[in-house]
Amino acid sequence: MSMLSQAPAGAPRAAGRELTFGQAIKEALAEEMRREPRVFIIGEDVAEAGTVFKVLSGLVDEFGRERVIDSPISEAGITGIGVGAAMTGMRPVVDIMFGDFITLAMDQIVNQAAKVHYMSGGKLRVPLVIRTTMGATRRSAAQHSQSLYAWVAHVPGLKVVLPATPADAKGLLKSAIRDDNPVVFFEDKMMYQVKGLVPDGEYTIPLGVADVKRAGTDVTIVATSSMVQVALEAAGRLDGTGISAEVVDPRTLLPLDAETLIASAQKTGRVIVVDEGYQQYGVTAEIASVIAAGAFDSLDAPVARMGAMNVPVPFSPVLEDQTVPTAEAVATVAMRLCGRA
Amino acid sequence: MTTDPVIAMPDQWLQMYGQMVRIRAFEEQVNELYTSGKMPGLAHLYIGEEAVAVGTCQALRRDDYITSTHRGHGHCLAKGAAVDRMFAELLGKEPGYCHGKGGSMHIADPETGNLGANAIVGGSTGIAAGAALSAKLRGTDQVAVCFFGDGALGQGLLYEAMNMAALWKLPVIYVCEHNRYGEYTPAGEASAGDPQARPAALGIPTDEVDGQDVREVYAAALRHVARARQGGGPGFLLCHTYRFRGHHVGDINRSYYRSHNEEEQWARERDPIRLLGLGLIQQRMADAAALERIERDVRAEIAAGLEFALAAPYPDPGEVTHHVYA
Ligand SMILES: Cc1ncc(C[n+]2csc(CCOP(=O)(O)OP(=O)(O)O)c2C)c(N)n1
């Protein structure tokens with residue numbers, strides 16, 4: 001299923017514009033804010049500065065400081081404010097600068113946002129989006145490099161989104177804003193400048209639908225966020241060896257499109273799951289077990305897992321580069337699975 | 001015409017008297033339900049603190065918001081929740097306010113502006129600020145009251161939220177129910193300095209009242225609510241009060257953290273219901289018979305509510321997976 005096939009019927013299919021990932025995010029926010037006056041943004045340095053990554057620059061000029069609110073350095077506070085505002089008729093987008101800092105807001109995410117609807121017997125809703133970043137390889141060291149979405153994906157009541165392309169980022173963010181549940185949206189900070197084709201016109205991408213980024217027949221590489229590009233590169237290398245790799249991007253961890261993952265595993269019989277979160281107790285384990293349970297009879301080998309090394313992310317480039325799966329490493333594992341090494 | 005609404009209306013005082021009696025009778029019934037093994041979970045009784053919830057909520061409109069705590073039955077009732085559906089919730093029954101999914105510590109009733117009790121100490125201090133921000137953004141003149149205990153003075157979220165409320169003049173009133181203990185620890189061992197100095201440092205106007213005197217609480221709450229409603233920003237109300245019972249119903253042997261004498265003295269001299277009753281009689285706003293009538297009516301309401309809840313069905317087991325997502 002191609003990404004563009006998610007566009008509503010009548011939307012232009014081949015047409016599109018080159019946008020960076022960051023521009024796609026901003027376009028989604030601007031469109032949703034124009035469409036829905038209850039949407040507002042709150043976060044540290046989001047207004048004139050447009051965030052430390054400059055992703056939101058210019059939004060405050062159009063929507064004013066009432067709707068693009070610069071907050072103090074108070075991650076728990078702004079998340080709590082987001083929850084309260086969402087419960088009372090607004091649709092807030094909370095910006096948490098670095099994904100590492102969701103730790104400071106964990107009570108508000110895990111015990112408040114995720115549970116309000118259930119504990120109230122369905123009476124209260126929390127249509128909240130928490131946008132934050134993820135990913136290593138910026139030489140930012142151990143407190144600015146983590147991909148902690150497994151923490152969030154552990155908790156029922158939340159939705160977790162990991163866009164991998166500008167087009168996905170835009171369509172998924174618009175769906176997240178329109179969703180009546182709390183959604184945590186992780187953006188790879190290394191990807192903000194990456195360009196891609198974004199469809200013209202209005203479109204959304206539903207949460208919970210995986211995307212086959214590349215079709216193949218011999219091995220499935222399930223890859224999330226930053227690792228989608230790594231997986232595609234690995235697939236390119238494998239082409240040279242005669243191994244045809246399929247790359248499947250779940251796009252959302254919660255809900256998880258198990259059906260598409262299992263179907264791909266059944267087709268190829270071999271699976272590698274690649275993710276930038278810590279490998280221990282991580283996303284790769286969950287996805288591997290979903291596939292093992294659903295496609296056991298079709299598998300020719302145990303599902304392989306590749307995550308970030310189980311170490312705090314080091315500063316030195318020489319050290320840091322080892323901690324995250326590379327295209328070369330993914331290709332090597334694929335060759336081994338296919339009996340070529 | 002007097003401009004002081006506090007002395008203006010005898011009917012109001014009788015209504016507040018009735019509310020306090022309702023909360024007291026409800027809680028006594030909760031105690032019985034719990035000790036007789038009919039109520040699952042935990043029960044944190046509000047007995048002795050009724051004047052804080054009633055005085056504060058009397059100053060609110062139905063469409064104003066409150067957030068509440070683990071000791072939240074009084075706040076819920078004072079904001080307008082019905083006794084029968086509250087009992088049903090405490091028993092985990094289907095007609096409970098949250099279909100039995102919240103229980104004692106999580107009752108929410110959006111129809112009366114109750115955004116929910118919170119079992120995380122300090123956990124709702126951001127939510128209340130968010131409700132206030134939302135009211136401001138939507139251009140309504142609603143206010144939000146955040147009830148919390150002195151124990152929450154130790155939680156950082158409170159200060160993050162108050163800072164933003166002060167910066168952005170949000171209509172939120174922080175009502176600190178200072179009952180002198182957080183679980184089994186005296187407040188003096190848990191929070192340094194004067195609690196009012198903390199909001200004061202953020203430029204938030206504060207008031208300190210006798211939380212056993214509903215007239216004082218009401219008067220102060222009215223001032224804070226009026227200012228907040230007119231765009232004057234947040235307020236902080238420090239209410240000195242006392243929980244007459246244990247931290248929760250099972251907290252029976254308490255001598256290691258507070259003396260029997262102290263408890264007796266508060267119950268004898270500082271019972272908010274008796275204080276208001278005596279005051280009303282002295283000022284000839286009511287006679288003993290009128291107060292007795294109120295109590296009789298409340299007891300009948302409680303008995304009927306309990307009967308309703310006991311007879312009510314449990315949720316269908318299939319409901320367990322409903323409401324995870326909206
Ligand atoms: C964050 C958090 N830590 C600890 C607890 C356990 N706990 C429940 S009530 C309580 C004491 C609360 O004291 P206070 O805020 O003064 O309220 P009170 O019980 O006196 O009404 C504690 C420590 C909790 N519920 N939440």
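These numbers come from the heavy atoms of this one structure, side chains and all, not from hydrogens, waters or symmetry mates.
For the atom pair OH of A/Y118 and CD of B/E319, the computed distance is 8.5 Å after rounding to the nearest 0.5 Å.
The backbone N or O of B/A326 sits nowhere less than 3.5 Å from a side-chain atom of A/D180 that would complete a donor-acceptor pair.
In this structure, the portions of B/V320 lying under 4.5 Å from any heavy atom of chain A include both its backbone and its side chain. Neither the backbone nor the side chain of A/T79 comes within contact range of chain B, judged by heavy atoms closer than 4.5 Å. At a 4.5 Å heavy-atom cutoff, the contact between A/L254 and chain B is made by side-chain atoms alone. The contact between A/I78 and chain B is made by backbone and side chain atoms together, counting heavy-atom distances below 4.5 Å. Proximity to chain B is limited to the side chain of A/Q108, based on heavy atoms less than 4.5 angstrom apart.
With contacts defined as side-chain heavy-atom distances shorter than 4.5 Å, the pair B/W168/A/I69 qualifies.
Among residues 107-118 of chain B, the residues having any heavy atom closer than 4.5 Å to a heavy atom of chain A are, in sequence order, B/A108, B/P110, B/L115, B/N118. Of residues 64-95 of chain B, those residues lying under 4.5 Å from chain A by any heavy-atom pair are B/Y65, B/R85. Of all residues spanning residues 136-159 of chain B, those with a heavy atom less than 4.5 Å away from chain A's heavy atoms are B/L137, B/R138, B/L157, arranged by number.
Among B/L133, B/V324, B/N163, B/L170, the residue with the largest count of heavy-atom pairs under 4.5 Å with chain A is B/V324.
Partners of A/D61 according to the side chain to side chain donor-acceptor pair (under 3.5 Å) rule, which considers only residues two or more places apart in sequence or in another chain, do not exist here.
For the pair A/K123 and B/Y97, the cation-pi test (distance below 6.0 Å, angle within 45°) is failed.
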